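First the structure, then my questions, so here it is.
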2 protein chains.
Amino acid sequence: MLKLTKTVEYALISMNYIENNSNGKPVSAKSISDQFSIPEELLAKVLQKLVKYKMLESVRGPYGGYKIKTSTKNTNLVYLIESLEGPIGIVDCSISNDCSLLDSCNIKSPIDSINQNIKSVFEKTTLKDIIKGI
Amino acid sequence: MLKLTKTVEYALISMNYIENNSNGKPVSAKSISDQFSIPEELLAKVLQKLVKYKMLESVRGPYGGYKIKTSTKNTNLVYLIESLEGPIGIVDCSISNDCSLLDSCNIKSPIDSINQNIKSVFEKTTLKDIIKGI
DNA sequence: TTATATACGACTAAACTAGTCGTATATTTA
DNA sequence: TAAATATACGACTAGTTTAGTCGTATATAA
């Protein structure tokens, strides 16, 4: 409960590793997967999503891999998480109105408030914090 | 991802409902389950846990049910959640040291910080807030 | 004594998360 | 231009967690 997925975890580990081991050159999925014992194909898919959402750029072929864009260092974790996993919401009705209770729900307001506060925690954390440590 | 369980959700709905429909008399699991279309046996187990951790008290037999203790209204949600679900932690290593990376993990410090901030959100919210709305 | 309601452990079903596999495509270098 | 390396991406399988069900025991009011 209240857990991040491995997808998000691997993304953060990778962003940090790429930043600190790049020297301008692309870092391959394989080298990250070796370093942290992450299944390679799984990691590759995560990195490909980060490319899709403009947090990384990719270079194909030998000596290829992934590079971080300086501009993305100010990206906050809500953007990263929601790119990978969809909207953050501690209950379903935080995301969509698919609740069968609707108006009869007696905790919607406090739950919404908590949800907003949790989003704020991730909003205040940027990739820069992840890369450097806090 | 980052979801509360139904157990916690049902607990909060119940606490609110009991408080606002009790008038000093116990409220049965059945009446709550009817009101919110929650499976009765499941709800009963949740309420029994709330009794076990002193947030409710129970009365057996006909006209029995559950009552809220005034003293528990200042209980915060970390206590409620952790009573029902165990320690809050957005990744496994927030809870125990079962991470295979150990020292080589490059995001432990920022993750720990985020985890602490999330716990704070739940720590600042009390049952009083859930019962009255925020 | 019967009906009502909590107590609680064992079990099953459903949903979600993690991981694997196969194939295609781009690019470097010999 | 062939071989090796590496990304791109969809489909599938396995594993774990969460949700829900069932059976039985116990307490108590009427």
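Everything numeric in this text was worked out from a predicted model, so none of it was measured.
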* Using whole Å, report how far CE of Met1(B) lies from C1' of dT17(D). => 16 Å
* To do: First locate atom CG of Leu127(A), then atom CG of Leu12(A), and finally report the distance between them rounded to the nearest 0.5 Å.
  => 7.5 Å
* Verify the neighbour count for atom NZ of Lys124(A): are there more than 12 heavy atoms of other residues, nucleotides or ligands below 6.0 Å? => no
* To do: Find the distance Asp92(A):CG to dA15(C):C1' and express it as a whole number of Å.
  => 11 Å
* To do: May I have the distance from Leu2(B) (atom CG) to dC16(C) (atom C1'), rounded to whole angstrom?
  => 14 Å
* Asked: Do other residues, nucleotides or ligands put more than 12 heavy atoms under 6.0 Å from the NZ atom of Lys69(B)?
  -> yes
* Structure fact -> Taking for Val51(B) and for Pro62(A) the nucleotide of DNA chain C with the nearest heavy atom, the one nearer the 5' end belongs to Val51(B)
* Asked: Which whole-number value in Å describes the distance from Lys6(B) NZ to dC16(C) C1'?
  -> 14 Å
* Between Gly61(B) and Lys52(A), who's closer to the 5' end of DNA chain D by nearest nucleotide? -> Lys52(A)
* Just how far, in rounded Å, is P of dT17(C) from CD1 of Ile90(B)? -> 15 Å
* Asked: Can you tell me how far P of dA5(C) sits from OH of Tyr66(B), to the nearest Å?
  -> 11 Å
* To do: Among dA8(D), dT5(D), dA19(D), find the nucleotide with the atom closest to the side chain of Arg60(A).
  => dA8(D)
* To do: Calculate the interatomic distance between Leu50(B) atom CG and dA7(C) atom P; express it in whole Å.
  => 11 Å
* Asked: Between the side chains of Lys128(B) and Asn74(B), does any donor sit under 3.5 Å from an acceptor?
  -> yes
* Asked: In whole angstroms, how far is the C1' atom of dG19(C) from the NZ atom of Lys49(A)?
  -> 15 Å
* Hey, is the side chain of Tyr63(B) poking within less than 4.0 Å of OP1 or OP2 on dT6(C), counting only N and O atoms? -> no
* Structure fact -> d(Ser83(A) OG, Leu50(A) CG) to nearest 0.5 Å is 8.0 Å
* Asked: Going hydrophobic residue to hydrophobic residue with side-chain gaps under 4.5 angstrom, can you get from Tyr53(B) over to Ile88(B)?
  -> yes
* Asked: Using a heavy-atom distance cut-off of less than 4.0 Å, which residues of residues 25-48 of chain A contact DNA chain D?
  -> Ser28(A), Ala29(A), Lys45(A), Gln48(A)
* Phosphate OP1/OP2 of dG19(C) contacted by Tyr10(A) side-chain N/O (<4.0 Å) -> yes
* Asked: Between dA8(D) and Ser58(A), is there an OP1 or OP2 to side-chain N/O distance shorter than 4.0 Å?
  -> yes
* To do: Identify whether Val59(A) and Met55(A) are in the same connected component of the hydrophobic contact network (ILVMFWY, side-chain heavy atoms under 4.5 Å).
  => no
